[in-house]
Amino acid sequence: MNAPDAYRLSRYLTAKKSIDGRALNHRVWSRFVEELGGVSSLRILEVGAGVGATVERIVTALDVRTGPSLRYTLVDRNPAVLDTASSELRTWAEQQGFEVTGRSPQVWSANGESVALEFVTADLYDFAAAHNGGRFDAIVGQALFDLLRIPDAIQALRPLLRDRGLWYLPIHFDGVTAFEPPHDSGLDGRIETLYHESMTTDHDDGRAGDQSGRRLLTHLRDAGSTLLEAGGSDWIVWPQDGDYPADEAYFLYHILHFIENELRGHPALDDDAFADWLSDRRRQIHEGRLTYIAHQLDVLARTD
């Protein structure tokens with residue numbers, strides 16, 4: 001695959017579904033599903049919901065045709081991403097044999113109403129402040145809290161959780177970015193360090209950035225929650241027979257796009273050397289030779 005002419009967030013989020021699926025920590029996920037069991041109905045809130053991949057996983061794991069009914073609220077500040085979520089989830093539900101009606105709520109029926117999805121375009125803080133409905137059994141936030149001040153986000157969202165409600169927070173970055181094969185060991189290391197630093201210093205707003213995974217463990221406990229499980233959920237993308245599965249080549253190009261946007265013109269990088277590094281990495285994707293690794297953590301906690 002050649003480098004794309006343009007980059008779209010919705011395509012990136014869809015492209016990483018297969019990568020997230022491999023990365024998710026199965027011990028943490030299994031405990032989450034276990035904790036959700038034994039009830040006749042569930043209300044789940046997902047903040048920074050993206051294209052809604054977690055909905056598919058939860059519906060499959062709970063088997064809502066015979067298990068609990070599910071009310072799922074997806075909140076994201078990007079309306080285009082939520083439009084993609086609505087369309088892709090409708091298609092997926094129909095492929096699973098559900099009758100799908102409505103837009104928001106989008107209702108999936110099989111032997112009676114099973115799933116109702118509400119799509120809300122809003123900043124999570126605005127949503128939390130305005131919410132006057134019932135409380136949720138679980139809050140899901142995937143690859144989100146590294147973009148936020150974790151204590152502030154927890155404080156804003158905690159009133160929306162019922163007593164002994166669950167926090168399921170997967171795919172949170174925790175300090176390792178690596179590309180293989182090496183380009184230049186010194187330059188590779190400098191780019192990794194500067195990219196990680198950009199996650200915090202470019203914003204100067206107290207976000208945990210490249211240490212968000214480990215910080216979640218601390219901040220959830222400080223907020224009075226009990227940690228139930230935690231484990232690694234590393235992204236590992238590698239070529240298979242000179243190609244990448246699904247749309248994972250696009251995902252790799254988009255990762256390089258993120259790095260280029262963050263580090264272009266950085267005073268600690270030589271412009272020509274950085275341009276050569278990007279060109280080499282893109283050529284490696286095109287030739288099916290690049291491997292990418294990012295270390296992340298999944299966290300499950302319960303409010304007390």
**Message:** Applying side chain to side chain contact (heavy atoms under 4.5 Å, CB included) to F136 and T73, what does each step give before you reach the verdict?
**Reply:** CA-CA 9 Å; F136 295 92; T73 302; 3.8 Å; yes
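- Listed here is the closest heavy atom pair of L187 and A273: CD2-O, 3.7 Å.
- The aromatic rings of H257 and H254 stand perpendicular to each other, their planes meeting at an angle above 60°, with 30° marking the opposite boundary.
- Using a 4.5 Å heavy-atom threshold, the side chains of T177 and H196 count as touching.
- For T303 (side chain) and R164 (main-chain N/O), a donor-acceptor pair under 3.5 Å exists by modelled atom type.
- Atoms CD1 and CG, on I58 and L70 in that order, are 7.0 Å from each other to the nearest 0.5 Å.
- The two residues D20 and Q142 come nearest to each other via the heavy atoms OD2-NE2, 2.9 Å.
- For the pair R264 and F274, the cation does not sit on the ring face, since its NZ or CZ is not both under 6.0 Å from the ring centre and inside 45° of the axis.
- One finds a salt bridge joining R283 and D280 here, because a Lys/Arg side-chain nitrogen approaches an Asp/Glu carboxylate oxygen to under 4.0 Å.
- Looking at heavy atoms from C-beta onward, V115 lies in side-chain contact with L117 at the 4.5 angstrom threshold.
- Comment: D137 does not engage R43 in a salt bridge, judged by the lack of any side-chain N to carboxylate O separation of less than 4.0 angstrom.
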**Verdict with reasoning, F251 to Y244, per side chain to side chain contact (heavy atoms under 4.5 Å, CB included)** = CA-CA 10 Å; F251 168 86; Y244 299 92; over 6 Å; no
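- Judged purely by distance below 3.5 Å, without hydrogens or angles, the side chains of R281 and Q284 pair a donor atom with an acceptor atom.
- Atom-to-atom distance recorded for D210:CG and E192:CD is 9.5 Å, nearest 0.5 angstrom.
- The backbone N or O of A275 lies less than 3.5 Å from no partner atom in the side chain of S279, so there is not a single donor-acceptor pair.
- Under a 3.5 Å cut-off, the side chain of T14 and the backbone N or O of S10 do form a donor-acceptor pair.
- Distance alone, capped at 3.5 Å, is enough to place a donor-acceptor pair between the Q296 side chain and the S233 backbone.
- When all heavy atoms are compared, the tightest approach of N78 to L9 is ND2-CD2, 3.7 Å.
- The two residues P170 and Y168 have their closest heavy-atom pair at CD-O, 3.3 Å.
- What you find for I171 and A23 is that their closest heavy atoms are CD1-CB, 4.1 Å.
- Between R31 and R27, the closest side-chain pair of non-hydrogen atoms is not below 4.5 Å.
- Although no hydrogens or angles enter the test, the distance criterion places no donor-acceptor pair under 3.5 Å between the side chain of D234 and the main chain of I236.
- Taking the six-membered ring where the residue is Trp, the centroids of F98 and W92 are separated by 6.0 Å or more.
- Taking OG of S114 as the start and CG of L62 as the end, the distance is 11.5 Å to the nearest 0.5 Å.
- Taking CG of L82 as the reference point, atom OG1 of T121 lies at 4.5 Å (rounded to 0.5 Å).
- At a threshold of 4.0 Å, the pair K17-E88 counts as salt-bridged, since one of the basic side-chain nitrogens sits closer than that to a carboxylate oxygen.
- With hydrogens and angles disregarded, a donor-acceptor distance shorter than 3.5 Å links the side chain of H131 to the backbone of G134.
- Under the salt bridge (Lys or Arg N to Asp or Glu O under 4.0 Å) rule, E248 has a single partner from R11, K16, R22, which is R22.
- Contact check for L227 versus L220: side-chain heavy atoms found under the 4.5 Å cut-off.
- Considering all non-hydrogen atoms of both residues, A268 and L194 come closest at CB-CD1, 3.9 Å.
- Distance CG/N25 to OG/S30: 8.5 Å, rounded to 0.5 Å.
- Not one N or O on the side chain of T291 forms a donor-acceptor pair closer than 3.5 Å with the backbone of W238.
- Atom CG of L45 and atom CG of L157 lie 7.0 Å apart (nearest 0.5 Å).
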**Asked** Checking side chain to side chain donor-acceptor pair (under 3.5 Å) for the pair W108/Q106: CA distance, chi angles, key distance, verdict?
**Response** CA-CA 7 Å; W108 305 356; Q106 181 183 112; 2.9 Å; yes
**Message:** Pair D298, H172 - check side chain to side chain donor-acceptor pair (under 3.5 Å), show working.
**Reply:** CA-CA 6 Å; D298 291 0; H172 280 87; over 6 Å; no
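- Within the 4.5 Å cutoff, the side chain of L228 has heavy atoms near those of the L166 side chain.
- Contact of the R302 side chain with the S225 side chain is not registered, since no non-hydrogen atoms from C-beta on lie closer than 4.5 Å.
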**L161/W167 under side chain to side chain contact (heavy atoms under 4.5 Å, CB included): CA gap, chis, key distance, verdict** = CA-CA 9 Å; L161 267 178; W167 298 96; 3.6 Å; yes
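- For the pair L297/H295, a side-chain contact is recorded, criterion being any heavy-atom separation below 4.5 Å from C-beta on.
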**Item:** ring-ring contact (aromatic ring centres under 6.0 Å, His included) evaluation trace for F179 with W277
**Value:** CA-CA 11 Å; F179 294 94; W277 185 89; 5.5 Å; yes
